[in-house]
Amino acid sequence: MAEHTQMNRIYSASKIGFNYSINNDINMRIFEIMASGTMLITNYIHNNGFEDLFEQGRHLVVYRNMRELLRLVEYYLTHQEQRERIAHSGCQLVSSNHRYVDRLNKMFDYIRASDPHRYRDLKL
């Protein structure tokens, strides 16, 4: 079985998916966990568009330190309905707005806008 298939199975079987962004980046794990239908908890990511993409408490959960991480994990493990609502909302968001095809189309729109004549035929 391919590694990416195994990770999806692990994420899907989990109650909470964990991400830690080392360089304040929006990494693929964020999207993978949310797409699997599992609630994501990630460290605070800022000043790079994160807040424009996701709403804290609606699509995912953000922590700022280890104490808060442990408190939030304990809370969401015992509050299944809230955890599942966030997981569902995050999955819906990623499934409808953040697929690879969506990202490529946005990049192509940006490239076409830079030189409409030269790149008018650029498409998937």
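Bear in mind the structure is a predicted one, so any value in this text is a computation, not a measurement. FYI, side chains are in, hydrogens and waters are out, and symmetry mates aren't considered; it's all heavy atoms of this structure.
No continuous path of hydrophobic side-chain contacts links Tyr75 to Leu60 [ILVMFWY only; heavy atoms under 4.5 Å]. If you chain together hydrophobic residues whose side chains sit under 4.5 Å apart, Ile41 and Ile22 fall into the same group. No continuous path of hydrophobic side-chain contacts links Tyr110 to Leu122 [ILVMFWY only; heavy atoms under 4.5 Å]. Residues Val62 and Phe18 are members of separate hydrophobic clusters, defined by side-chain heavy-atom contacts under 4.5 angstrom among Ile, Leu, Val, Met, Phe, Trp and Tyr. Criterion: ILVMFWY side-chain heavy atoms under 4.5 Å apart, direct or through other members. Under it, Ile10 and Tyr20 are not part of a common hydrophobic cluster.
In this structure, Arg83 fails the cation-pi test against Tyr76, since its NZ or CZ atom is not both closer than 6.0 Å to the six-membered ring centre and inside 45 degrees of the ring normal.
Formation of a donor-acceptor pair under 3.5 Å by the Asp102 side chain with backbone atoms of Arg99 is found in this model. In terms of modelled atom types and a separation under 3.5 Å, the side chain of Asn65 and the main chain of Arg67 share a donor-acceptor contact. Distance alone, capped at 3.5 Å, places no donor-acceptor pair between the Arg29 side chain and the Asn19 backbone. A donor-acceptor contact shorter than 3.5 Å links the side chain of Thr38 to the backbone of Tyr11. Checking side-chain atoms of Ser114 against main-chain N and O of Ile111 turns up a donor-acceptor pair under 3.5 Å. Side-chain atoms of Ser89 do not come within 3.5 Å of backbone N or O of Arg85 as any donor-acceptor pair. Proximity of a side-chain donor or acceptor of Asn48 to a complementary backbone N or O of Asn24 within less than 3.5 Å is detected. A donor-acceptor distance shorter than 3.5 angstrom exists from the side chain of Arg120 to the backbone of His117, with no hydrogens or angles considered. Counting only distance, with no hydrogens or angles, the side chain of Ser95 and the backbone of Gln92 share no donor-acceptor pair below 3.5 Å.
Interatomic distance, Ser21 OG to Tyr44 OH, rounded to the nearest 0.5 Å: 12.5 Å. Distance check: Ile30 CD1 to Glu32 CD gives 10.0 Å after rounding to the nearest 0.5 Å. Taking CD1 of Ile33 as the start and CE of Met7 as the end, the distance is 7.5 Å to the nearest 0.5 Å. Remark: Leu70 CG to Met66 CE distance equals 6.5 Å, nearest 0.5 Å. In this structure, the separation between OH on Tyr119 and CZ on Phe108 is 11.5 Å, given to the nearest 0.5 Å.
Residue His79 places its NE2 atom among more than 12 non-hydrogen atoms of other residues, nucleotides or ligands, all under 6.0 Å distant. Counted within 6.0 Å of CE on Met28, heavy atoms from surrounding residues, nucleotides or ligands total more than 12; the atom is thus considered enclosed.
The six-membered or imidazole ring of Phe31 lies near that of Phe54, with a centre-to-centre distance under 6.0 Å.
Counting heavy atoms from C-beta outward, Ile86 and His59 have side chains that stay 4.5 Å or more apart. Within the 4.5 Å cutoff, the side chain of Leu40 has no heavy atoms near those of the Ile16 side chain. Contact annotation: the side chain of Ile26 approaches that of Leu53 to within less than 4.5 Å [non-hydrogen atoms, C-beta and beyond]. Looking at Met39 and Glu84, their side chains never come closer than 4.5 Å, going by heavy atoms from C-beta outward. Looking at heavy atoms from C-beta onward, Asn43 lies in side-chain contact with Tyr63 at the 4.5 angstrom threshold.
Across every non-hydrogen atom of Met34 and Val94, the tightest pair is CB-CG2, 3.6 Å. Here the closest non-hydrogen pair linking Ala35 and Cys91 is O-SG, 3.6 Å. Contact between Leu93 and His98 at its shortest, heavy atoms only, is O-CD2, 3.8 Å.
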